[in-house]
Amino acid sequence: MPILKFTRNLERFYPGLSPVESSKTSLQEIINEANDIYPGIKDYILDEQSRLRKHIHIFIGNQMIHDRNHLPDNLNPDDEVYIMQALSGG
Amino acid sequence: MDTQFSKAELERYSRHLIIPEFNIEGQRKLKESKVLVVGSGGLGSPLLLYLTAAGVGTIGIVDFDTVDESNLQRQVLFTVDDIGKSKSKTAAQKLKRLNPHVEFHVYDTQLTSENALEIIRDYDVIADGTDNFPTRYLVNDACVILGKPNVYASIFRFEGQVSVFNHLLPDGSRGPNYRDLFPEPPPPGLVPSCAEGGVLGVLPGIIGSLQANEVIKIVTCIGEPLTGRLFLFDAFSFETRTVNITKDPDTKEITKLIDYAEFCGLNNLSQKTEENMVKEITVQELASLKENGSDYQLIDVREPYERQIASIEGELVPLAQIMSFVDNIARDKKVIIYCRSGSRSAQAVLQLEKQNGFDNLYNLKGGILAWANEIDPTVAKY
């Protein structure tokens with residue numbers, strides 16, 4: 001089953017945030033499933049038009065997703081999806 | 001004429017010279033190179049130490065900040081004696097003692113859209129160790145305009161990121177840049193700085209050293225630079241991952257520098273946001289309420305671990321949980337909400353006013369930091 005993992009710093013907003021293992025087969029579906037477990041996390045990741053927010057990126061395996069606006073990606077059972085965001089600290 | 005080395009230099013760099021892939025050619029390239037380090041704090045400290053020790057010929061240091069006591073937990077270039085002094089000047093003085101063969105150029109000024117191109121133009125490689133989004137986008141854009149590689153790193157709490165942006169590829173094109181990864185910054189306040197959210201002291205040592213490694217590889221043309229890839233490190237779990245990044249065809253061409261404070265939503269004018277329009281109460285007014293025994297509710301929206309560092313009492317309800325605390329918030333008396341600096345508490349007031357119609361909420365202006373500065377110096381500042 002695909003697994004969705006998050007950058008640790010999102011725990012600040014979603015205490016107890018853990019990887020989400022899912023039977024879903026698309027990126028959009030797995031984000032929706034994560035939102036059921038962590039209400040509001042979808043709004044943090046996607047904007048009002050369901051586009052990826054511009055300070056966030058998603059990787060499937062080691063590959064960056066290419067369509068930030070539509071998130072059309074399908075997932076294979078062994079895919080690991082990783083959601084991360086920009087950090088400013090130096 | 002080939003760059004020559006003195007006997008002292010040959011002895012100093014001997015451990016480089018005997019690496020077959022590096023040898024005296026690598027050392028010569030280092031000596032001939034000019035590297036600009038933007039920010040001499042957490043990342044900048046190890047970065048500068050290793051670039052200096054390695055023998056980069058000319059190092060520029062940009063930093064307008066002064067050394068603060070809270071820097072010493074991670075900014076290993078500085079000591080107690082340096083508190084209050086210019087970071088860039090102090091760094092150069094110390095580094096000169098580490099390696100007198102290196103030439104330092106100090107820019108004790110803020111990098112801005114007005115001076116960035118002029119400063120960056122003279123250097124071969126730029127290393128971004130800044131601590132804020134406006135400067136990160138400024139460094140990126142200036143590097144793209146001038147065709148310079150940008151060795152990037154950033155940190156927060158336990159996590160670090162490293163990449164090489166805008167690097168010249170064998171086909172003559174440039175690799176992805178910061179905007180291909182993050183086209184725009186987060187809204188102000190959403191992603192905190194290390195000053196606001198904290199950072200593990202050793203983390204910039206790890207990440208800044210990786211950044212120095214990439215600078216040295218680029219300058220000496222050895223190994224495989226981290227171009228088109230992003231290295232992610234989580235010190236908490238010791239998980240690492242290296243992901244591939246590519247150019248985003250939707251990214252607009254960068255042709256000129258802009259107002260980066262405005263771009264990041266931080267301009268004075270644009271700061272007149274809703275967050276700034278919430279009702280406020282000063283620390284002096286709160287002190288009077290306390291002294292007079294007035295009836296009010298005080299809510300602390302920081303995290304429990306922050307409460308252990310410093311407290312002015314009140315009910316502890318971290319910002320992420322404030323909406324589930326609504327039923328416990330009074331509507332018939334003054335409710336004062338505070339955090340460390342007043343930013344999170346302003347967000348709490350806004351959310352509660354918008355979603356629950358409160359009209360009796362006040363944000364403590366300047367938060368617990370203002371309380372420590374103006375009312376009670378025994379309260380720790382963090």
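Lettering of chains follows the sequences in order, A, B, ..., and the numbering in each one begins at 1. What you see below is based on every heavy atom in this structure, not just the backbone, and it leaves out hydrogens, waters and symmetry mates.
Here the closest heavy-atom approach between residue B:P183 and residue A:R68 is recorded as CD-NH1, 3.5 Å. Nearest heavy-atom pair, B:Q321 versus A:P15, reported as atom, atom and distance to 0.1 Å: NE2-CG, 4.3 Å. Of all heavy-atom pairs between A:Q63 and B:N244, the closest is NE2-ND2, 2.7 Å. Listed here is the closest heavy atom pair of A:G90 and B:C194: N-SG, 4.2 Å. The two atoms that bring A:Y82 and B:L232 nearest to each other are CE2-CD1, 3.6 Å, heavy atoms only. Nearest approach of A:L87 to B:Y178, heavy atoms of both residues: O-OH, 4.3 Å.
Ranking B:I155, B:I245, B:L43, B:T135 against chain A, the residue ahead of the rest is B:I155, based on heavy-atom pairs under 4.5 Å. If you tally non-hydrogen atom pairs under 4.5 Å between each of B:Q75, B:Q161, B:R157 and chain A, the highest count goes to B:Q161. Ranked by heavy-atom pairs under 4.5 Å with chain A, the first of B:V243, B:L319, B:T242 is B:V243. Here B:D131 is the residue among B:V199, B:L230, B:D131 with the most heavy-atom pairs under 4.5 Å with chain A.
Looking at B:T246, both its backbone and its side chain come within 4.5 Å of chain A, counting heavy atoms on both sides. Of the atoms belonging to A:I56, it is backbone heavy atoms, and not side-chain ones, that fall under 4.5 Å from chain B. Proximity to chain A (any heavy atom under 4.5 Å) is restricted, for B:P185, to the backbone atoms N, CA, C and O. Of the atoms belonging to A:Y14, not a single heavy atom falls under 4.5 Å from chain B. Proximity to chain A (any heavy atom under 4.5 Å) is shown, for B:F156, by both the backbone and the side chain. Neither the backbone nor the side chain of B:I207 comes within less than 4.5 Å of any heavy atom in chain A. Residue B:D234 touches chain A through its side chain alone, counting heavy-atom pairs closer than 4.5 Å. Both the backbone and the side chain of B:S237 come within less than 4.5 Å of a heavy atom in chain A.
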Verify side-chain contact (heavy atoms from CB on, under 4.5 Å) between B:D250 and A:N69, making sure each step is shown before the conclusion.
CA-CA 10 Å; B:D250 293 333; A:N69 295 329; 4.2 Å; yes

Report the C-alpha distance between A:N9 and B:F158 in whole Å, list the side-chain angles of each, state the deciding distance to 0.1 Å, and finish with yes or no for side-chain contact (heavy atoms from CB on, under 4.5 Å).
CA-CA 8 Å; A:N9 57 70; B:F158 295 98; over 6 Å; no

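Expressed to the nearest 0.5 Å, how far CZ of B:F182 lies from CG of A:L52 amounts to 9.5 Å. Atoms CG and NE2, on B:D180 and A:H57 in that order, are 8.5 Å from each other to the nearest 0.5 Å. In this structure, CE on A:M64 lies 6.0 Å from CG on B:D248, to the nearest 0.5 angstrom.
Heavy-atom contacts from other residues, nucleotides or ligands closer than 6.0 Å to CZ of B:F325 number more than 12. The environment of B:E224 atom CD is sparse: at most 12 non-hydrogen atoms of other residues, nucleotides or ligands sit within 6.0 angstrom.
Residue B:E184 is tested with A:R53, A:R51, A:K54 for a salt bridge (Lys or Arg N to Asp or Glu O under 4.0 Å); the sole match is A:K54.
Using a 4.0 Å cut-off between a side-chain N of Lys or Arg and a carboxylate O of Asp or Glu, B:R241 and A:E80 qualify as a salt bridge.
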